Amino acid sequence: MTIKEKVKAARAALSSVARKGLDSLQAGPRSSQSMSLNYASVNTLDPSRLARAFAAADQGYITDQATLFELVEEQDPHIFAELAKRRRAVTGLGWQLTPPKDADQSEIDRTAELEDILRKIPRFEDAQYDLTDAIGKGLSAQEIDWQTGSTWYPKALFWVPQREFQVDRSTGALQYVKNGVPEPLREWGWVVHEHRAKSGYIEQAALFRVLAWTYAYKAYNIRDMQRFLEMYGLPLRLGKYPAGIDPKQRDQLLKAVRNIGNDGAGVVPSTMSIEFIQAMKSGTVDDFLNATAYWERKQSMAILGGTLTSQADGKTSTNALGAIHDKVRREIMLHDVGQITPTVNAQIVRPTALINGMFAPDRVPTFGYKTEETVDQAKMVEVLTKAANVGMEIDVDWAHQTMQIPRAGKGATLLMASGKPITSPTDAALVRLAALAKAGEPDVTGPYAAQLAALCAPYEQALIQQISAIVAEAGDFDAALAGIEALKANNPKWAEAMALGMAAANLAGRADVEAGQ
């Protein structure tokens, strides 16, 4: 069996157990079980209704709680805006796949292939945004619609409302409620992110468990303010009727008084009268607005850890407070990323890799967001220069990564301090040799030998690992010897490093000869 056939067989063996039942959907793109929402139901949300919904959720029946969360987010612009800031802080980050530790070239190539598959998932960024819905609501579920064929990948990720699930009280497992009957979620058919804003079981850990109370109290103030504004400025309409009047006629007078407010006209008997009494004291909505602002500050603190980005008044907004708030904002973002990343790895990256037989279960690459902050490159250059001058050993790859400057590709034109390009390894060696000479280095052979050893070490180590693998797999000494003889150390980067070292040694020798004459 050829190597290609072995790889194909290994992939088939790895993927054979993972694809069963994944060619059909459990919920679908628009779940048929979705219940209609009563959009007027939270306008008068009171603490007793919240308490009943929360008590039911504690028993695993999260439908009422999830419905309230959904409506509150839709009807409270402040909560929506603050949550959107927090959610976009995560989805605005870039991401990448990292190969497993000590990966060989084959694993590095397959990691790039897997990353390309993920990036081609339609609306993958939107799917990540839907995952952040769990920040407020405790959980977010998306069903995977797999593209079948030679390569399996998620061709769509369908978001399903939280109100269509329930929690098994004994195990804590999430169940999809289909036709009123809960059923377990299909393995590798769902992406379910559970996000804990506070400690507790998943039905209790949602951020909206805190926000819903603030919404209820704020709703009272807004409702009373609307009533006040509706009545403010209108005169009091006072109806008068003679004593002993029939109750039916009295009701007619009351109806006429009320209709005047709406229609501006009414009819009453001559024995009755209606007077308009103007209010002497003007009203104000400041108390209502202050109460509403109070609860919105509490909402901002619960969501973002502060109020500086939403309610800056120009008086308390200082640069120091801004720096503190930015630090808190970053801590929250890192906390959210730290919870979302394992979900993506376990429920998107791992299934895609294993279903296609691309990696062994313990060698799957890891998904990660790019959370590095922008560095002050001018200060970093100064630090690196001083550190190098005192003899510190600084890895060039680490320096490039820290400076956020990518390494130049093969054949690229390099920059010099003078502005003239370096176009070949020999020219680069000349420049570095000149720098050593200016620094007063009496003998450049030692530094160049150390540099050559550092450059060649990774390639030597890779060759040693190949030899170790051949010896481990060989049945006898002759087979091991034959395998080692068949190895070819033809890595172009290794050859380039050796050429650079030889050129440097040649130049150093010439300089030493000229100095001795």
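Bear in mind that the values here come from a model prediction, so they are computed numbers and not experimental data.
Annotation for Ala302 and Val210: closest pair CB-CG1, 4.4 Å, computed over non-hydrogen atoms. When all heavy atoms of Asp168 and Ser170 are compared, the pair lying nearest together is OD1-OG, 2.5 Å. Residue Pro365 comes nearest to Pro99 through the heavy atom pair CB-CA, 4.3 Å, listed as atom of the first residue, atom of the second, then distance. Of all heavy-atom pairs between Glu113 and Met358, the closest is CD-CE, 3.7 Å. Heavy-atom minimum distance, Phe367 versus Thr341: O-CG2, 3.0 Å. Annotation for Gln162 and Ser140: closest pair NE2-CA, 4.1 Å, computed over non-hydrogen atoms.
Two residues are said to be in side-chain contact when any heavy atoms from C-beta on lie closer than 4.5 Å; Asp126 and Trp159 fail this criterion. Trp190 has its side chain out of reach of Leu174: every pair of non-hydrogen atoms, C-beta onward, lies at least 4.5 Å apart. Within the 4.5 Å cutoff, side-chain heavy atoms of Leu354 are placed close to those of Trp188. Looking at His400 and Ile405, their side chains come closer than 4.5 Å, going by heavy atoms from C-beta outward. Counting only heavy atoms from C-beta outward, the side chains of Lys218 and Tyr294 never approach each other to under 4.5 Å. Side-chain contact between Gln75 and Tyr215 is present, with at least one heavy-atom pair separated by less than 4.5 Å. With contacts defined as side-chain heavy-atom distances shorter than 4.5 Å, the pair Phe208/Leu68 does not qualify. Side-chain contact between Tyr176 and Pro182 is absent, with no heavy atoms from C-beta onward closer than 4.5 Å.
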Side chain to side chain contact (heavy atoms under 4.5 Å, CB included) between Leu139 and Ile62, worked out: CA-CA 11 Å; Leu139 62 93; Ile62 64 174; 4.2 Å; yes
Go through it in stages, so that I can follow the logic: the residues are Thr63 and Val177, the test is side chain to side chain contact (heavy atoms under 4.5 Å, CB included), and I'd like the CA-CA distance, side-chain angles, deciding distance and then a yes or no. CA-CA 10 Å; Thr63 298; Val177 181; 5.8 Å; no
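The side chain to side chain donor-acceptor pair (under 3.5 Å) contacts involving residues 342-355 comprise His193-Thr343, where partners must be two or more places apart or lie in separate chains. Sorted by first and then second residue, the pairs that involve residues 127-142 and meet salt bridge (Lys or Arg N to Asp or Glu O under 4.0 Å), not counting sequence neighbours, are Glu73-Lys137, Arg87-Asp133, Asp133-Lys137. The list of side chain to side chain donor-acceptor pair (under 3.5 Å) pairs with a residue in residues 196-207, not counting sequence neighbours, reads Asp58-Gln204.
Looking at residues two or more places apart in sequence or on another chain, you find a ring-ring contact (aromatic ring centres under 6.0 Å, His included) between Tyr217 and Trp295. Residues satisfying the ring-ring contact (aromatic ring centres under 6.0 Å, His included) criterion with Tyr153, sequence neighbours excluded, are absent altogether. Partners of Phe54 under the ring-ring contact (aromatic ring centres under 6.0 Å, His included) rule, at least two apart in sequence or in another chain, are Trp213. In this structure, the side chain to side chain contact (heavy atoms under 4.5 Å, CB included) partners of Asp109, at least two apart in sequence or on a different chain, are Gln105. Scanning for ring-ring contact (aromatic ring centres under 6.0 Å, His included) contacts around Phe124 gives Trp95, with sequence neighbours left out. Annotation: side chain to side chain contact (heavy atoms under 4.5 Å, CB included) contacts of Gln59 (sequence neighbours excluded): Tyr61, Arg169. Considering only residues two or more places apart in sequence or on other chains, Ile332 meets the side chain to side chain contact (heavy atoms under 4.5 Å, CB included) condition with Arg86, Val328, Asp336. In this structure Val381 satisfies the side chain to side chain contact (heavy atoms under 4.5 Å, CB included) test together with Thr385, Met403, sequence neighbours excluded.
Judged by distance alone, with hydrogens and angles left aside, the side-chain atoms of Gln142 form a donor-acceptor pair with the main-chain N or O of Ala127 at under 3.5 Å. Here the side chain of Arg363 pairs a donor or acceptor atom with the backbone of Lys101 at under 3.5 angstrom. Side chain of Arg330 to main chain of Thr371: a donor-acceptor pair is present (N/O by atom type, distance under 3.5 Å, no hydrogens or angles). For Asp104 (side chain) and Ser106 (main-chain N/O), a donor-acceptor pair under 3.5 Å exists by modelled atom type. Although no hydrogens or angles enter the test, the distance criterion places a donor-acceptor pair under 3.5 Å between the side chain of Glu143 and the main chain of Gln26.
Side-chain contact of Glu331 with His335: a donor-acceptor pair under 3.5 Å is absent, judged by distance alone. Donor-acceptor pairing under 3.5 Å is lacking for the side chains of Thr91 and Gln128.
Here the CG atom belonging to Leu334 is positioned 12.0 Å from the CD atom belonging to Gln339, to the nearest 0.5 angstrom. From His78, atom NE2 reaches atom CD of Glu296 across 5.0 Å, with rounding to the nearest 0.5 Å. In this structure, Ile348 CD1 and Leu131 CG are separated by 6.0 Å, a value rounded to the nearest 0.5 Å. To the nearest 0.5 angstrom, Ile121 atom CD1 is 11.5 Å from Gln147 atom CD. Rounding to the nearest 0.5 Å places CD1 of Ile144 at 11.0 Å from CZ of Phe158. To the nearest 0.5 Å, atom CG of residue Leu211 and atom CD1 of residue Ile79 are 5.0 Å apart.
The 12-atom threshold is exceeded at CZ of Arg119, counting heavy atoms of other residues, nucleotides or ligands nearer than 6.0 Å. Counting heavy-atom neighbours within 6.0 Å of Met333 CE, excluding the residue itself, gives a total above 12.
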Tell me which donor-acceptor pairs under 3.5 Å the side chains of residues 391-398 have, and how far apart each pair is, sequence neighbours excluded?
from   : atom 1 : to     : atom 2 : distance (Å)
Asp395 : OD2    : Asp397 : N      : 2.9
Asp395 : OD2    : Trp398 : N      : 2.9
Asp397 : OD1    : Arg407 : NH1    : 2.5

